[in-house]
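Okay, structure first, notes after.
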Amino acid sequence: RNDEAQKLWDDLMKFGIPDEEVLVLPASESRWLSNDSVDFRVWGERIRALSHLSSGSPCIVIGTADAVLQRTSPPTDLTYMSFRLEVHQQIDINQLLNSLTEMGYDSETTVARPGQFSKRGGIIDIFPSSGDDPFRIELDGDEIDSIRKFDIATQRSVSFVKEFSILPAREIRLRPD
């Protein structure tokens with residue numbers, strides 16, 4: 001966040017506005033460049049703000065004119081491609097992996113940054129594009145047995161959660177049609 005956005009954020013917090021209702025919409029100049037020059041956290045922050053706006057929930061969005069005027073996908077693309085995973089939920093593993101790929105997530109051996117996932121046996125790691133932490137899903141057949149946040153440096157579990165949301169990893173989804 002730049003200094004002015006941070007000052008406005010701080011002022012809004014002083015007025016008691018819940019921090020989950022205040023979102024930053026940064027400009028993303030590198031949407032078309034190779035992965036080497038992409039700031040995936042900026043992408044995630046943009047996607048989080050755009051998804052919240054498309055949901056119709058009340059919020060305050062802080063952004064520059066460049067960020068607000070930047071072209072993006074229709075809101076329905078963000079809401080259509082978003083979903084939640086919960087403990088004890090039945091899932092089709094192949095459909096989940098295909099959905100993640102279609103949403104712009106990269107399949108990797110180990111998850112290291114937002115917008116990646118990996119599968120090893122009955123374990124699926126997902127680092128949501130709009131999240132600060134990755135999640136490890138342990139499966140028992142087609143049922144989610146547990147979901148844990150984990151540390152990317154040590155790959156060790158940090159805490160258990162009951163559910164988490166997955167938003168698209170890319171703001172603009174290219175379709176074959």
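Between the side chain of Ser57 and the backbone N or O of Leu53 there is no donor-acceptor pair closer than 3.5 Å. A donor-acceptor pair is defined here as one N or O able to donate and one able to accept, closer than 3.5 Å; no such pair exists between the side chain of Glu21 and the backbone of Pro18. A donor-acceptor distance shorter than 3.5 angstrom exists from the side chain of Tyr105 to the backbone of Ser129, with no hydrogens or angles considered. Although no hydrogens or angles enter the test, the distance criterion places a donor-acceptor pair under 3.5 Å between the side chain of Arg136 and the main chain of Gln155. Asp140 places no side-chain N or O within 3.5 Å of a backbone atom of Glu143 that could act as its donor or acceptor partner. With Gln70 contributing its side chain and Asp66 its backbone, the two residues share no donor-acceptor pair below 3.5 Å. When atom types are taken as modelled, the side chain of Glu102 and the backbone of Ser99 share no donor-acceptor pair closer than 3.5 angstrom.
With contacts defined as side-chain heavy-atom distances shorter than 4.5 Å, the pair Thr109/Ser118 does not qualify. Glu163 places none of its side-chain heavy atoms less than 4.5 Å from the side chain of Val87. Put simply, the side chain of Leu139 reaches to within 4.5 Å of the side chain of Ile144, judged on heavy atoms. In this structure, the side chains of Glu108 and Phe127 stay at 4.5 Å or more apart for every pair of heavy atoms. Counting only heavy atoms from C-beta outward, the side chains of Pro168 and Ser82 approach each other to under 4.5 Å. In this structure, Phe164 and Ile137 have side chains that are in contact, with non-hydrogen atoms separated by less than 4.5 Å. Taking the side chain as every heavy atom from C-beta outward, Ile126 and Leu85 approach each other to under 4.5 Å.
Criterion: ILVMFWY side-chain heavy atoms under 4.5 Å apart, direct or through other members. Under it, Ile62 and Met13 are part of a common hydrophobic cluster. No path of Ile, Leu, Val, Met, Phe, Trp and Tyr side chains, each step under 4.5 Å between heavy atoms, connects Leu96 with Ile123, placing them in separate hydrophobic clusters. By the criterion of side-chain heavy atoms lying less than 4.5 angstrom apart, applied directly or through intervening Ile, Leu, Val, Met, Phe, Trp or Tyr residues, Val61 is grouped together with Val68 in one hydrophobic cluster.
Residue Lys149 qualifies as open at atom NZ: its count of foreign heavy atoms under 6.0 Å is 12 or below. Other residues, nucleotides and ligands place no more than 12 heavy atoms under 6.0 Å from the CZ atom of Arg156.
For the atom pair CZ (Phe117) and CD1 (Ile124), the distance works out to 8.5 Å, reported to the nearest 0.5 Å. The NE2 atom of His52 sits 15.5 Å away from the CD1 atom of Ile47 when rounded to the nearest 0.5 Å. Atoms OG and CD, from Ser165 and Glu86 in turn, are 9.0 Å apart once rounded to the nearest 0.5 Å. With values rounded to the nearest 0.5 angstrom, Trp9 atom CH2 is found 6.5 Å from Leu23 atom CG. With rounding to the nearest 0.5 angstrom, the OG atom of Ser107 is 9.0 Å from the CG atom of Leu100. Atom CD1 of Ile91 and atom CD of Gln95 lie 9.5 Å apart (nearest 0.5 Å).
Residue Gln116 comes nearest to Arg113 through the heavy atom pair OE1-N, 3.2 Å, listed as atom of the first residue, atom of the second, then distance. Closest approach of Gly115 to Ala169, counting heavy atoms only: CA-CB, 4.0 Å.
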> What's the verdict on side chain to side chain donor-acceptor pair (under 3.5 Å) for Arg148 and Ser157, showing C-alpha distance, side-chain angles and the deciding distance?
Replying inline: CA-CA 6 Å; Arg148 294 172 284 164; Ser157 296; 2.8 Å; yes

> Given Val22 and Leu8, is the side-chain contact (heavy atoms from CB on, under 4.5 Å) satisfied, shown in steps?
Replying inline: CA-CA 10 Å; Val22 180; Leu8 183 53; over 6 Å; no

>> For a salt bridge (Lys or Arg N to Asp or Glu O under 4.0 Å) check, start with the C-alpha distance between Asp125 and Lys119, then their side-chain angles and the critical distance, and finish with the verdict.
In response: CA-CA 6 Å; Asp125 291 344; Lys119 180 184 182 309; over 6 Å; no

>> What verdict does the side-chain contact (heavy atoms from CB on, under 4.5 Å) test give for Asp133 and Ile152, after you've listed the backbone C-alpha separation in whole Å, the side-chain angles of each residue and the deciding distance to 0.1 Å?
In response: CA-CA 8 Å; Asp133 299 299; Ile152 56 173; over 6 Å; no

>> Set out, in order, the CA-CA distance, both residues' side-chain angles and the distance that settles side-chain contact (heavy atoms from CB on, under 4.5 Å) for Ile17 and Ile60, then state yes or no.
In response: CA-CA 9 Å; Ile17 297 174; Ile60 297 171; 3.5 Å; yes

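With respect to the salt-bridge test (charged N to carboxylate O, under 4.0 angstrom), the residues Asp10 and Lys14 do not qualify.
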